[in-house]
Amino acid sequence: MPELPEVETLCKSMAPFLLDQVIVSVDVRDTRLRWPVVPLDFTKWITGNRVVNMTRRSKYLLWQFDNEATIIFHLGMSGRLGIFSDDTTIEKHTHVIFQLRDRMQVRYRDPRRFGLVEVVPPNELKTWFRFENLGVEPLSKDFGYKYVANLLKKSKKPIKNWIMDAQNVVGVGNIYANEALFRAGIHPTRPAYSLKNDEQRRLVQSVKSVLTAAIDKGGTTLNDFRNAQSEPGFFQLDLSVYQKEGQLCGLCSNIIEKIVMSGRSTFFCPSCQK
DNA sequence: AAACGCGCCTGCGGGC
DNA sequence: TGCCCGCAGGCGCGTT
């Protein structure tokens with residue numbers, strides 16, 4: 001599912017429910033995710049502890065505990081986290097179940113198993129290896145014109161690949177890369193170094209605006225994204241180019257095209273994006 | 001060193 | 001109806 005707006009939506013919808021709750025036990029039903037889940041880590045650091053903070057970094061969701069331990073989640077392509085009563089049917093591909101008080105549970109489900117559920121021991125979060133090479137947060141002031149200009153000039157990558165590279169800026173996946181470039185009026189195959197000053201500014205602004213708009217709509221639900229309450233998002237209704245090959249551009253009425261870049265479907269308006 | 005392609009998985013929709 | 005194929009929102013790693 002998940003790019004930044006979806007993880008942010010999940011975080012916002014889950015935090016009010018889970019904050020201050022104690023994890024009574026953790027049931028790892030299948031350890032086979034992208035990296036193996038380690039059941040003993042939950043026994044050692046999580047069981048009996050209370051969630052005191054919930055945040056997002058890049059496309060990771062973080063639960064921080066009163067003992068300074070953290071659980072980090074990545075949803076991969078098909079991961080979901082949802083709140084359930086423990087008497088409801090456990091869906092297929094539910095790999096980890098967090099038991100709470102009052103017969104409530106948080107369930108991690110991930111059919112394709114590209115995701116991650118990992119315990120960071122107390123006080124190691126700041127130096128945790130998964131965050132070592134991450135670039136700036138796109139909605140922070142760090143992601144600004146100066147930062148982008150300095151990096152773009154050093155890169156020969158197509159601009160679409162550049163904004164999807166988490167070493168530059170995190171959280172932008174295929175959907176929002178396509179949509180941001182449409183908003184900026186920039187063709188996805190343009191080499192990063194070739195962007196003019198005004199295009200660099202529009203790129204920064206467009207990445208911020210499309211992510212913010214998607215968060216406001218609760219994310220994009222194409223197939224299976226759901227928030228903590230299993231509700232869909234609605235930004236799919238506001239997409240301009242993604243999966244709209246052959247349809248008319250909303251700005252100029254030319255036909256939206258599809259190409260493949262690095263194996264990913266890429267949609268753009270050949271008239272609006274130069 | 002940077003950039004690309006592959007592979008990890010399952011499910012779904014379209015074409016025949 | 002059922003089978004086969006292509007495709008899917010991510011990301012780390014190996015190769016060039």
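Given the structure is predicted, the values throughout are model-derived calculations rather than measurements. Numbered from 1 within each chain, the chains take letters A, B, ... in sequence-line order.
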Discussion item. Parallel, tilted or perpendicular, judged at 30° and 60°: which one describes the rings of A/F235 and A/Y176?
Written reply: tilted
Worksheet item: In whole angstrom, what separates A/R130's CZ from C/dG12's P?
Response: 8 Å
Discussion item. Could you check whether A/R57 makes a cation-pi contact with A/W128, meaning its NZ or CZ is under 6.0 Å from the centre of the six-membered ring and within 45° of the ring axis?
Written reply: no
Worksheet item: Less than 3.5 Å between a donor and an acceptor, one on the side chain of A/N223 and one on the base of C/dG9, is that the case here?
Response: yes
Worksheet item: How is A/W162 classified with respect to the nucleic acid when contacts are heavy atoms under 4.0 Å: base, sugar-phosphate, or nothing?
Response: nothing
Item to complete: Please indicate whether A/D87 has more than 12 foreign heavy atoms, meaning atoms of other residues, nucleotides or ligands, lying under 6.0 Å from its CG.
Response: yes
Discussion item. Mind checking if A/F235 touches a base, just sugar-phosphate, or nothing, with heavy atoms under 4.0 Å?
Written reply: nothing
Worksheet item: Within less than 4.0 Å of OP1 or OP2 of B/dA3, is there a side-chain N or O belonging to A/K156?
Response: no
Response to the item:
When rounded to whole Å, the CH2 to P distance for the pair A/W35 and B/dC8 reads 14 Å
Discussion item. Between the base of B/dC9 and the side chain of A/R112, is there a donor and acceptor pair under 3.5 angstrom?
Written reply: yes
Worksheet item: Between A/H93 and B/dC9, does any side-chain N or O lie under 4.0 Å from OP1 or OP2?
Response: no
Practice prompt. Take the protein atom CZ of A/R109 and the nucleotide atom P of B/dC9, then report the distance between them rounded to whole Å.
Written response: 18 Å
Practice prompt. Taking only the side-chain nitrogens and oxygens of A/K92, find out if one of them lies under 4.0 Å from OP1 or OP2 of B/dG11.
Written response: yes
Practice prompt. Return no unless some side-chain N or O of A/H74 is found under 4.0 Å from OP1 or OP2 of C/dC11.
Written response: yes
Discussion item. Would you say the ring centers of A/F84 and A/Y108 fall short of 6.0 Å from each other?
Written reply: no
Worksheet item: Looking only at side-chain N and O atoms, does A/R264 come under 4.0 Å of OP1 or OP2 in C/dG9?
Response: yes
Worksheet item: When you measure from the side chain of A/Y60, which nucleotide among C/dG12, B/dC4, C/dG10 comes out closest?
Response: C/dG12
Worksheet item: Can a side chain N or O of A/N161 be found less than 4.0 Å away from OP1 or OP2 on B/dC4?
Response: yes
Fill in: Integer-rounded Å distance: C/dG9 P and A/K59 NZ
10 Å
Practice prompt. Nearest whole angstrom, please: distance from the C1' of B/dA3 to the NZ of A/K154.
Written response: 17 Å
Discussion item. Please classify the nucleic acid contact of A/P191 as base, sugar-phosphate, or nothing, using heavy-atom distances under 4.0 Å.
Written reply: nothing
Response to the item:
Of B/dT10, C/dG9, C/dC11, the nucleotide closest to the side chain of A/R113 is B/dT10
Worksheet entry | Which nucleotide in C/dA8, C/dG12, C/dG10 has an atom nearest any side-chain atom of A/K258 | C/dA8
Discussion item. I need the CG-C1' distance between A/N174 and C/dG10, as an integer number of Å.
Written reply: 10 Å
Worksheet item: Do the rings of A/F131 and A/Y60 sit parallel, tilted or perpendicular, given the 30° and 60° boundaries?
Response: perpendicular
Discussion item. Looking at every non-hydrogen atom in both residues, tell me the closest pair between A/E91 and A/T94 and how far apart they are.
Written reply: O-OG1, 2.6 Å
Fill in: Residue pair A/L248 / A/K244, side-chain heavy-atom distance below 4.5 Å
no
Worksheet item: Paired with C/dA8 by Watson-Crick or G-U wobble geometry, both distances under 3.5 Å: which nucleotide is it?
Response: B/dT10
Worksheet, complete the sentence: Rounded to whole Å, the CG-P distance (A/D110 to C/dG10) equals 13 Å
Practice prompt. Determine the interatomic distance between P on B/dA3 and the same-named atom on C/dG9; round to the nearest Å.
Written response: 22 Å
Discussion item. Without decimals, in angstroms, what is the distance between A/N168 CG and C/dC11 P?
Written reply: 14 Å
Fill in: Check: A/R34 side chain, C/dC11 base, donor-acceptor under 3.5 Å
yes
Worksheet entry | Side-chain N,O (A/S155) to OP1/OP2 (B/dA3) below 4.0 Å | yes
Worksheet item: Under a 3.5 Å cut-off for both distances, is C/dC3 Watson-Crick or wobble paired, and to whom?
Response: B/dG15
Worksheet item: With stacking defined as ring centroids separated by under 5.5 Å and planes differing by under 30°, is A/F114 stacked against B/dC8?
Response: yes
